[in-house]
Novice: 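Questions regarding the structure given below will be posed in turn.
Keep in mind the model is a prediction, meaning the values are calculated, not measured.
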Amino acid sequence: MQQNPRKYYIDKLNAKEEEALKARKLSLGIGVIRMLLFFLFCYTIYLVANNTPPWTLLIIILPFIALHLYDTKFQAYREDLHSLIEILKAEIATLDGDLSNYENGKRFINFKHEYSHDLEIFGENSLFHFINRTVTKEGAEYLAQLLENTSRTKGEILELQEANRELAPLIDWRHQIQIQGWKKEVALDSMITSANKYEDIIKHRWQIIAATFLSTTNLTVILLACFSLINPAFAIGTFIMLLIVTAGLTSQMNKRILYVDGTYKSMMSIHKILALIHQEAKRFTASKLKKISEPLCNDNNSFISEAKELTKILAALDQRSNLIVNIVLNGLYLRDFWVTHRTDRWFRKNKNQIAIWSKNLAELDALCALSHISYHNLDTSYPTPSDNTILESEKMVHPLIFKTNAVGNPIHIKQDHLIHIITGANMAGKSTYLRTIGINIILASVGAPVFASYLTFKPTALFSSMRSSDQLSEGISFFHAELLRLKQMKQHMQNHPNTFILLDEILKGTNSKDKLKGSEIVLKKIIEYPTAGILATHDLELKKLENTYPTHFKNFCFEFEYQEEKIIFDYILRKGATAKMNASYLLEKIFLEN
């Protein structure tokens with residue numbers, strides 16, 4: 001049985017903070033030892049100056065090098081530990097409704113999308129914000145694409161579910177991946193751009209032969225000069241000649257340096273992520289996970305092996321900024337030429353694979369984020385895709401209601417050509433109910449668990465019309481915007497045989513009589529399509545449609561009670577239409593009280 005996530009995070013945070021304290025003390029100790037070694041080195045130099053054998057310097061130099069190498073790895077461990085502590089604190093905060101530590105997906109907001117704006121899929125405290133744990137830019141984009149599309153087959157949904165179930169318990173592994181992208185910009189887009197326009201700099205075999213001859217000759221001349229077998233002037237001459245040869249590559253090399261900083265840092269993180277994927281991929285059983293990880297970790301030309309090589313190449317390019325090292329190494333063996341040759345060879349071999357690797361890594365990144373829902377929320381359940389039942393559920397709640405105990409409500413729509421008409425007073429819960437339905441349909445379509453005791457659904461193409469607004473810059477009035485949205489809905493139903501519609505108070509931009517007539521026209525047209533859905537409305541006259549078309553319309557409502565001059569809502573969905581409204585009462589309270 002899974003441990004309570006809050007307890008798990010708190011216990012792990014306490015353990016890691018204690019570990020960090022020990023690491024801090026050890027780091028101080030390393031600093032002290034390094035200082036002592038420096039003073040010993042200075043003293044040894046003094047002894048060597050007074051006829052002590054020079055080899056005694058090695059007694060100090062070797063431990064210093066060993067300590068430096070250890071400290072480099074230790075500092076990387078400390079950075080990872082610090083990131084993990086921040087991640088654990090962020091997760092505890094999310095359990096209390098604070099999502100601020102994660103990207104909110106504001107950049108993906110699309111006012112014209114079929115449902116994402118209406119259902120608040122992107123932006124502050126959105127569904128994306130709630131789910132997002134991606135570590136790469138491409139992973140976040142892939143997650144956004146998943147949430148923007150509900151049109152999947154039953155087989156695709158079950159495949160996603162299988163992957164989700166397998167990833168959900170791997171919380172420690174996912175945290176290790178999160179560490180590599182925590183508060184960093186990890187992306188492959190610059191490398192893909194470079195690959196698409198990449199052309200070899202070294203294009204002829206004779207160039208490689210000539211460079212080999214020059215490098216070998218120069219190193220031989222320098223070696224002979226060191227042993228006083230030839231005049232040192234020859235060595236200086238060949239050294240300068242190699243620098244002149246290298247200068248011809250400078251302008252082309254500098255073009256590559258333009259994207260080194262971002263790509264190099266990203267590749268360092270991506271290589272570590274790939275190592276973690278490689279470690280776990282051997283145990284994957286879900287067909288989708290095996291399919292995704294295979295190009296990343298297989299034995300033949302996998303991303304993990306090629307990423308390691310590219311990281312070395314980018315490190316070499318990055319080191320060109322050190323002028324002294326650059327001059328010395330180019331003068332010795334034409335270093336820039338050989339780095340260029342390695343870069344050419346890498347892109348020639350892999351440029352057609354990079355986009356595939358990027359897509360697979362992004363997909364796995366997004367699936368890891370989705371799997372977090374199951375681990376974080378013990379009261380969720382995996383839905384059952386159906387060939388017949390449109391949507392059936394009990395105790396369904398909205399995942400983003402944190403501060404109060406959310407009231408779960410049912411939905412039972414067993415066939416197409418059926419619309420539930422929801423009436424109720426202001427603030428009674430109609431719009432929240434629609435968003436609850438919509439968000440859980442989206443979660444179900446991406447193979448994630450839903451916030452309900454159970455959910456059976458037919459894969460569907462979701463569409464909503466809930467938040468129309470005027471667009472003054474385009475000369476579009478509120479009513480015109482509503483008409484355009486309804487036209488978009490009609491086209492959507494024509495293009496998608498299985499559509500689920502969510503409508504909230506349509507035709508608000510016209511008078512009540514015209515609104516009623518227009519709403520009836522819209523609803524009667526909808527039921528001509530293989531479509532089902534829900535309409536929330538204040539127009540109580542629409543309840544009569546149930547009597548006229550009993551197989552196509554069903555009435556439900558949210559009620560309230562007056563208690564001691566207060567309005568009390570219970571947010572429970574009931575059968576039938578309401579007869580209660582509260583706008584006049586609320587306005588009277590505002591404007592007539594002293």
Side-chain angles (χ1 to χ4, degrees), residues 188 190-268 270-271 299-355 357:
L188 283 168
S190 61
M191 189 169 70
I192 293 171
T193 302
S194 301
N196 289 337
K197 61 183 180 181
Y198 190 89
E199 292 183 6
D200 286 354
I201 292 177
I202 299 167
K203 299 180 179 180
H204 305 288
R205 185 170 177 76
W206 68 261
Q207 293 172 300
I208 299 170
I209 295 170
T212 303
F213 174 76
L214 288 173
S215 300
T216 305
T217 300
N218 186 53
L219 290 171
T220 303
V221 169
I222 291 171
L223 188 64
L224 292 173
C226 287
F227 285 96
S228 302
L229 297 176
I230 62 172
N231 191 324
F234 286 109
I236 295 171
T238 55
F239 185 91
I240 293 172
M241 182 179 66
L242 261 65
L243 287 178
I244 293 170
V245 171
T246 305
L249 288 170
T250 300
S251 62
Q252 290 171 297
M253 289 289 287
N254 285 341
K255 291 178 184 177
R256 291 177 177 173
I257 298 302
L258 294 177
Y259 68 89
V260 163
D261 286 343
T263 305
Y264 177 46
K265 291 172 184 176
S266 287
M267 283 308 304
M268 290 292 287
I270 286 170
H271 185 250
D299 294 330
N300 299 315
N301 195 33
S302 69
F303 194 18
I304 186 169
S305 58
E306 295 303 321
K308 184 176 182 180
E309 172 64 12
L310 183 61
T311 301
K312 292 177 181 177
I313 292 169
L314 293 171
L317 287 169
D318 190 51
Q319 288 164 6
R320 291 182 78 251
S321 57
N322 189 319
L323 185 61
I324 295 173
V325 172
N326 203 37
I327 290 173
V328 171
L329 295 182
N330 278 317
L332 286 174
Y333 67 95
L334 293 172
R335 179 178 183 269
D336 274 4
F337 179 91
W338 295 114
V339 171
T340 301
H341 177 52
R342 285 174 69 190
T343 310
D344 286 346
R345 190 169 54 188
W346 193 93
F347 276 99
R348 197 182 311 125
K349 179 182 178 184
N350 297 304
K351 66 179 181 179
N352 295 326
Q353 292 289 112
I354 298 171
W357 290 335

Novice: Once side-chain contact (heavy atoms from CB on, under 4.5 Å) is applied, do any residues pair with Met268, and if so which ones, sequence neighbours excluded?
Specialist: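 Met268 satisfies side-chain contact (heavy atoms from CB on, under 4.5 Å) with Tyr264, Thr311 only.
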Novice: CD1/Ile313 to NE2/His341 distance, rounded to the nearest 0.5 angstrom?
Specialist: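 The distance works out to 10.5 Å.
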Novice: Do Val328 and Leu332 come close enough that some side-chain heavy atom pair is under 4.5 Å?
Specialist: yes
Novice: Ignoring hydrogens and angles, write down the donor-acceptor pairs under 3.5 Å from the side chains of residues 229-237, residues two or more places apart or on other chains.
Specialist:
from	atom 1	to	atom 2	distance (Å)
Asn231	OD1	Ala233	N	2.9

Novice: Report yes if the side chains of Leu188 and Phe303 come closer than 4.5 Å at any heavy-atom pair, otherwise no.
Specialist: yes
Novice: Do Glu306 and Gln353 come close enough that some side-chain heavy atom pair is under 4.5 Å?
Specialist: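 They are not in contact (no side-chain heavy atoms under 4.5 Å apart), so the answer is no.
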Novice: Roughly how far apart are Glu309 CD and Ile304 CD1, rounded to 0.5 Å?
Specialist: 14.0 Å
Novice: Scan residues 235-247 for pairs that pass side-chain hydrogen bond (donor to acceptor under 3.5 Å, both in side chains), counting only residues two or more places apart or in two chains.
Specialist: Asn218-Thr238
Novice: In chain order, what residues pass the side chain to side chain donor-acceptor pair (under 3.5 Å) check against Gln207, with sequence neighbours excluded?
Specialist: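 Not a single residue meets the side chain to side chain donor-acceptor pair (under 3.5 Å) criterion with Gln207.
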Novice: Quick one: side-chain contact (heavy atoms from CB on, under 4.5 Å) partners of Leu243, sequence neighbours excluded?
Specialist: Phe239, Ile327, Asn330
Novice: Please list, chain by chain and in numerical order, all residues satisfying salt bridge (Lys or Arg N to Asp or Glu O under 4.0 Å) with Arg335, sequence neighbours excluded.
Specialist: none
Novice: Kindly write out the residues that satisfy side-chain contact (heavy atoms from CB on, under 4.5 Å) with Leu310, not counting sequence neighbours, or none if the list is empty.
Specialist: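 Result, side-chain contact (heavy atoms from CB on, under 4.5 Å) vs Leu310: Met191, Met267, Leu314, Trp346.
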Novice: Between Thr343 and Val339, is the side chain to side chain contact (heavy atoms under 4.5 Å, CB included) condition met? List the steps.
Specialist: CA-CA 6 Å; Thr343 310; Val339 171; 4.2 Å; yes
Novice: Kindly compute the distance separating OG (Ser215) from CH2 (Trp338), expressed to the nearest 0.5 Å.
Specialist: 5.5 Å
Novice: Determine the minimum heavy-atom distance between Met241 and Leu214, stating which atoms define it.
Specialist: CE-CD2, 3.7 Å
Novice: For Arg348, give me all partners under salt bridge (Lys or Arg N to Asp or Glu O under 4.0 Å), at least two apart in sequence or on another chain.
Specialist: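 If we apply the salt bridge (Lys or Arg N to Asp or Glu O under 4.0 Å) test to Arg348, skipping adjacent residues, the hits are Asp200.
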